[in-house]
Amino acid sequence: HLLRFNIRVFIMSQSMYQNQYHFFKKHGIFLIMIFLFVSSETGHWTDKSQSFCHIRFLSFLLSRSVKQHKKSEIGLFLIGSVGFLYSSDYVFDNILEPHQQIRIKVVLGLEEDLTGAGYNVNQSKIAVGSGGLTGKGFLNGTQTKLKYVPEQDTDFIFCTVGEEQGFVGSSIVLLLFLALILRLIVVSERQPSAFGRVYGYSVLSIFLFHVFINIGMVLGLTPVIGIPLPFFSYGGSSLWGFTILLFIFLRIDAGRGRRL
């Protein structure tokens, strides 16, 4: 209460002694961020009357801190943020399955289930860490070859690379994926048609999402959801899918100079 009161007093005092528009234009967004942080930390978003006052106060800040044509966009973002704030607990408690809730809690550090939901992630991090700088060598990994890491040839295949090839090998794999992503951006940008650009960036998004989520869940940064690493994970369907996506895009790029 005291910190929120001090912020309001500071705003009122500044408005009295200098131009109101220039002050809020310079400090408005910063004050909104502070106010959101304080309100979330003190837990006052749960009361409806408090939340209504917060929204009115934030709307007042927005009216002074941004131009007229930007107010609607930031207002929609504010409404969406408040809606997400109130719906997150309901979605987590009533929509997600129990095993999904445990996975999210393990990632956030709220639970530490090393023998259950967190077993795969814990063993994969041990495998990646044991690889060191240059790795243990091809087919010489202990965590992977002794079957401590489940699903090491599909969802957790990156931990095999980290253990056998180390930091150097893992970095090379990431650089190769980065080169693929950058090349897809270049090819997408040179497409003359809107369809070609949209398809190119769609393929780019699919690859980027798979790489980020797969490597993130191996390192314990994202929840385990079971998606393959492109061109690495074992399985014919994923390999066929990624290959078809790329070859369709290459065919679109090859015919970009032709007129229909």
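Reckoned from all heavy atoms, side chains included, excluding hydrogens, waters and symmetry mates.
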Query raised in the report: Going through the checks in order, is the side-chain contact (heavy atoms from CB on, under 4.5 Å) test met by L219 and V128?
Result: CA-CA 8 Å; L219 301 178; V128 173; 4.2 Å; yes
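- Under the 4.5 Å side-chain heavy-atom criterion for Ile, Leu, Val, Met, Phe, Trp and Tyr, L245 and I181 are members of the same hydrophobic cluster.
- Proximity of a side-chain donor or acceptor of S188 to a complementary backbone N or O of R197 within less than 3.5 Å is not detected.
- Here the CG-CD1 distance, from L208 to I206, works out to 11.0 Å after rounding to the nearest 0.5 Å.
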Query raised in the report: Taking it one step at a time, do Q100 and F92 satisfy side-chain contact (heavy atoms from CB on, under 4.5 Å)?
Result: CA-CA 9 Å; Q100 296 173 331; F92 186 83; over 6 Å; no
Report task. Decide yes or no on side-chain contact (heavy atoms from CB on, under 4.5 Å) for F177 and F232, but give the supporting numbers first. Result -> CA-CA 11 Å; F177 277 117; F232 273 80; 3.9 Å; yes
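- Taking 4.5 Å as the limit, some side-chain heavy atom of F195 sits within range of a side-chain heavy atom of I252.
- Shortest non-hydrogen contact noted between S233 and S238 is O-OG, 4.2 Å.
- To the nearest 0.5 Å, the span separating NE2 on H210 from CD1 on I227 amounts to 5.0 Å.
- Between I248 and I244, some side-chain heavy-atom pair lies under the 4.5 Å cut-off.
- Here the straight-line distance linking atom CD1 of I225 with atom OG1 of T222 works out to 7.0 Å at 0.5 Å rounding.
- Nearest heavy atoms, S124 versus F156: CB-CD2, 3.7 Å.
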**Report entry** Full working for side-chain contact (heavy atoms from CB on, under 4.5 Å) between V211 and L180
**Finding:** CA-CA 11 Å; V211 171; L180 176 62; over 6 Å; no
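- Without hydrogens or angle criteria, Q123 side chain to P150 main chain gives no donor-acceptor distance under 3.5 Å.
- Crowding of Y199 atom OH: a count of heavy atoms from other residues, nucleotides or ligands under 6.0 Å exceeding 12.
- Note that CG of L246 is 15.5 Å distant from CZ of R251, once rounded to the nearest 0.5 Å.
- L229 places none of its side-chain heavy atoms less than 4.5 Å from the side chain of V218.
- In this structure, the side chains of S170 and F158 come closer than 4.5 Å at one or more pairs of heavy atoms.
- Rounded to the nearest 0.5 Å, atoms OG (S202) and CG (L184) are 11.5 Å apart.
- Counting heavy atoms from C-beta on, the side chains of F207 and F231 come closer than 4.5 Å.
- Between the side chain of Q143 and the backbone N or O of I126, no donor-acceptor pair lies under 3.5 Å.
- You'll find the side chain of P228 stays beyond 4.5 Å of the side chain of Y234, heavy atoms only.
- The minimum heavy-atom distance linking V149 with C159 is given by the pair CG1-SG, 3.6 Å.
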Query - Intermediate values then yes/no, salt bridge (Lys or Arg N to Asp or Glu O under 4.0 Å), E163 and K136 - result: CA-CA 6 Å; E163 184 180 25; K136 299 178 180 179; 3.2 Å; yes
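- Y119 and V224 fall into different hydrophobic clusters, where Ile, Leu, Val, Met, Phe, Trp and Tyr residues are linked whenever their side-chain heavy atoms come under 4.5 Å apart, directly or through other members.
- Cluster annotation: L174 is not connected to L182 through the hydrophobic network of ILVMFWY side chains, with a link wherever side-chain heavy atoms come within less than 4.5 Å.
- Panel note: side chain N214, backbone D155; a donor-acceptor pair is recorded below 3.5 Å.
- Under the 3.5 Å distance criterion, with hydrogens and angles disregarded, no donor-acceptor pair is assigned to the side chains of Y201 and Q191.
- The main-chain N or O of F249 is never found under 3.5 Å from a side-chain atom of D253 such that the two would form a donor-acceptor pair.
- In this structure the side chain of E164 never reaches within 4.5 angstrom of the side chain of N140, judged on heavy atoms.
- Within a 6.0 Å sphere centred on CZ of F212, other residues, nucleotides and ligands contribute 12 heavy atoms or fewer.
- Proximity of V121 to M217: side-chain heavy atoms (C-beta onward) are nowhere separated by under 4.5 Å.
- Transitive grouping of hydrophobic side chains (ILVMFWY, heavy atoms separated by less than 4.5 Å) keeps V203 and V186 in distinct clusters.
- In this structure, V161 is not a member of the same hydrophobic cluster as V168, with clusters built from ILVMFWY side-chain heavy atoms closer than 4.5 Å.
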